[in-house]
Amino acid sequence: MAITEEPPLELEAGDPLPEYAEQPLGVLTRPSGNTGIASWLFTVDHKRIGIMYGVFAMFFFLIGGLEALAIRIQLAVPGNDFLSAETYNQVFTTHGVTMIFLVIMPLAAAFANYLIPLQIGARDVAFPRMNALSLWVWFFGGLFLCSSVIIGGWWENAPDGGWFNYAPNHGVAFSPSKGIDFYAIGLQITGIGSLVSAVNLIVTCLNMRAKGMTLFRMPVLTWMLLITQFLLLFAVPVITVALFFLMFDRLYDANFFNPDAGSDPLLWQHLFWIFGHPEVYILILPSFGIISEVIPVFSRKPIFGYKVMVFSGIAIGFMGWGVWAHHMFVSGLGPISVTAFSMSTMLIAVPTGVKIFNWLATMLGGRLKFNTAMLFAVGVVSMFTIGGLSGVTHAVAPADTQQTDTYYIVAHFHYVIFGGALLGIFAGFYFWWPKAFGYKLNERWGKWNFWLQIVGFNLTFGPMHILGLQGMSRRIDTYSEGFGFELWNLVASVGAFVIFLGVLIFVINIFVSQRQAKHLPPVGPDPWDARGLEWMTASPTPEHNFDEEIEVQQVDEFWFRKYDIDDDGTVHRIATGDEVAQPGTATGVHLPAPSYWPMVLAAGLPFIGYGLIYNLWLCVLGGLLVAAGSFGWVFEPADDPDAHHGGHDDHGDHDDDPDTDPEAAAALDAPEGADDVAIESEEAPVG
Amino acid sequence: MVDSEVLDEQAVEAADASHSAKVGDHQPGSTGISNQKLAMWAFLGSECLLFGGLISGYLLYRNNNQDGPAAAEIFDIPFTSVSSFVLLMSSLTMVLALSAITRGDHPRTRLWILTTALLGAVFIGGQVYEFTSFYREGLGYTTSPFSSAFFTLTGFHGVHVSMGIVMLMSLYFSSVRGKLKTENAETVEIVGLYWHFVDVVWIFIFTVVYLMAKGI
């Protein structure tokens, strides 16, 4: 359901909001209030959850970035002993795992959470408490993974099998530390978070659209995020199976990947890459969506070929499932498989190329404005194209057999993941920052940020193409003099520090801009003269998103409320963004209430993980937390019937459905309970 | 495209029309389906891939029994057929429960929900018995790739059935407490979706694991 149309009920002046209403289990009062740290920790507001995804991901970005610097220091000169071979294995493994699962995916989730409800004109996501659950499950899972660096000694127990963690190398025989147990269990925990979030956002996209917001009027970003959620929905269970097999192998001596027991190590590669290749599109599609929003705004033109853009995204979503074995060309698949996967891999370049040409066509003849957001977006188009082209060379199986496990591969996937996904996310930061925080990021610092990052990036990863073709293997902790690797490795290491400086400037920019903003006029709802519904409410977005439901009549609805097109095709402005946008001043809007239980439930999972690795008693503790979280969830109405309650009833929209989460199966009667309480409160005289 | 837009618009209108009327806790969204039911369908889509992965793993190892017992030597088809029949009948009682609550017949609803849970429990009991007897015949979890894959696949299915029983019992108790009203029929329907899904998965497992092992 879309947001309610009933007029928001004004609270009387001076009438304070009720502090709380409910005592679930009779012990704890329900969290309330809009300020202070508790209002963030227990929030179910999609915008705050989105911001927290971003903040936590930036914390992990720092960890992953420091690991990257350690790798580059080690490889800067031949024969270096900055890191031992054992430590080096752990550092590059945690670097990869952190950057993929704890940085890029959650940064995309930050945009998904913040923007999907705004772009489709909804009040919140379909299941606000489940949204909080996915945030905390992911975050605690991430801390669990990172704790492997500290627990049992500094860099003694971290995973050391590479992010794809091939069999039989990941068995106890070859990796006797606990690191790979942390990997197997940690990724299962973050996977639960991704799955819950995928279900939630799919339902939100399909079911919560505003009046008239048909599927083919949704912004391209929402479309790409929807496709990403479908990929997650179907890819996460496959890696879950692989991780369960691995966990059972390591903890209970099962025989899934152990060649000594007659098992086939290739099973891991297949399961991993059936997940892993869609995962690549899970990383990149959100970024494609972001720049599809940024480029039209700063080209002063609508996106070129909206439907083609959407369909090429859908095509990538489908074809992404048929290319996994191109990661395995050297594993002896046989000529027919290799040919088939070669062809499908070349084919998937077609919809991707269509997108690139559409962005170029959007810019063609536009009035381009190269501010920082646009620079980052153009950076994606150019850098991703380089990564895409080196990707096509992998599709050529004979060439790929030469490139496999060399730095050429490292160069390729950094061009798509850093040059594609991460630069796109930075474009999104600069673009939506005023919407989320009410002030623009400084352009001068922003441009330093961009140029340092793009130059550093090319210095670091450009030379790796050459190193790879020269034959330098990836995952080696050092190399000898005389192979011709010295120069380019040194260049790459210098480049890594330039990237670090660029990101540091981004962080400084946040604080500088925030301070400067105090002396600047407020940015207003629509600082970029933009096109999507998210700009149609105040900046920063009010807690209730929109004062009243927006009725959508076309793609780029907001833009068409500001501009009119004559019969001869000339465009002229009929209103300003400030006039069209809603003031965001409605009060007393019925909103889902904060809750402790998602966090309690999520906190139990790492304890179960530690318990499986170290001592089963910890599982009991974790199980109790999960049970307490589930029961608290059951007995707590989805909506606090008194807090923020204007007296009308739209709580049906926000009821959580624990049915979808087998672990919270006990929470089954929550909707009934929720409903009852709410009905009772309605029958009681209000105020 | 035109079709989908028209459909969407109709759905939006339908959703809009139903907004003012209070329909329990499950209200149709833009698609005309309630959020809860849509979420369950999405979740079941994900579950398909989970069991797809597990079944693929089993198929790879089904003849890889090393020195341990082979599938054909150890499976007791008549016994498993009976427990499969019991599980399939529970889908029938699940439908009867939904039919009863749609009619507003709450005692019948409770009867059929309880019967469904009981049949599920009988199935789980059969699985426990089967696992025990396999173990006594020398098929441990670590015996061979076949045994690991077999116990993992059927074990995952058993856990799913058990989760379903927990859901059913929650429904039963909320009905006893009078909280499962006629307008909450969709909650029963959603649990039913999950239950039928788990049954359908068993049909696959019974065929692929048991019948194929005997060459039937």
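Residue numbers begin at 1 in each chain, while the letters A, B, ... track the order of the sequences. From a predicted model like this one, the values you see are computed outputs, not experimental measurements.
- Other residues, nucleotides and ligands place no more than 12 heavy atoms under 6.0 Å from the OH atom of B:Y135.
- At a 4.5 Å heavy-atom cutoff, the contact between B:S144 and chain A is made by backbone atoms alone.
- Here the two rings, on B:F156 and B:F51, have centers that are 6.0 Å apart or farther.
- With a 4.5 angstrom heavy-atom cutoff, A:L195 touches chain B only via side-chain atoms.
- Classification of the A:Y306-A:F216 ring pair by plane angle, with boundaries at 30° and 60°, yields perpendicular.
- The most heavy-atom pairs under 4.5 Å with chain A, out of B:S46, B:A42, B:S56, B:G45, come from B:S46.
- Between chain B and the options A:F245, A:F256, A:F234, A:F257, heavy-atom pairs under 4.5 Å are most frequent for A:F256.
- The greatest number of non-hydrogen atom pairs below 4.5 Å with chain A, out of B:A149, B:P145, B:G53, is found for B:P145.
- The 12-atom threshold is exceeded at CZ of B:R62, counting heavy atoms of other residues, nucleotides or ligands nearer than 6.0 Å.
- Annotation: A:W321, atom CH2; neighbour count of heavy atoms from other residues, nucleotides and ligands within 6.0 Å is above 12.
- A tilted orientation is assigned to the rings of B:F134 and B:F150, their planes being inclined by 30° to 60°.
- Only the side chain of A:F244 comes within less than 4.5 Å of a heavy atom in chain B; its backbone stays farther off.
- Ranked by heavy-atom pairs under 4.5 Å with chain A, the first of B:L60, B:V159, B:L193 is B:L60.
- In terms of non-hydrogen atom pairs under 4.5 Å with chain A, the most contact-rich of B:L44, B:T142, B:N64 is B:T142.
- By the 30° and 60° cut-offs, the orientation of the rings of B:Y141 relative to A:F248 is perpendicular.
- B:S147 does not touch chain A: none of its heavy atoms, backbone or side chain, sits under 4.5 Å away.
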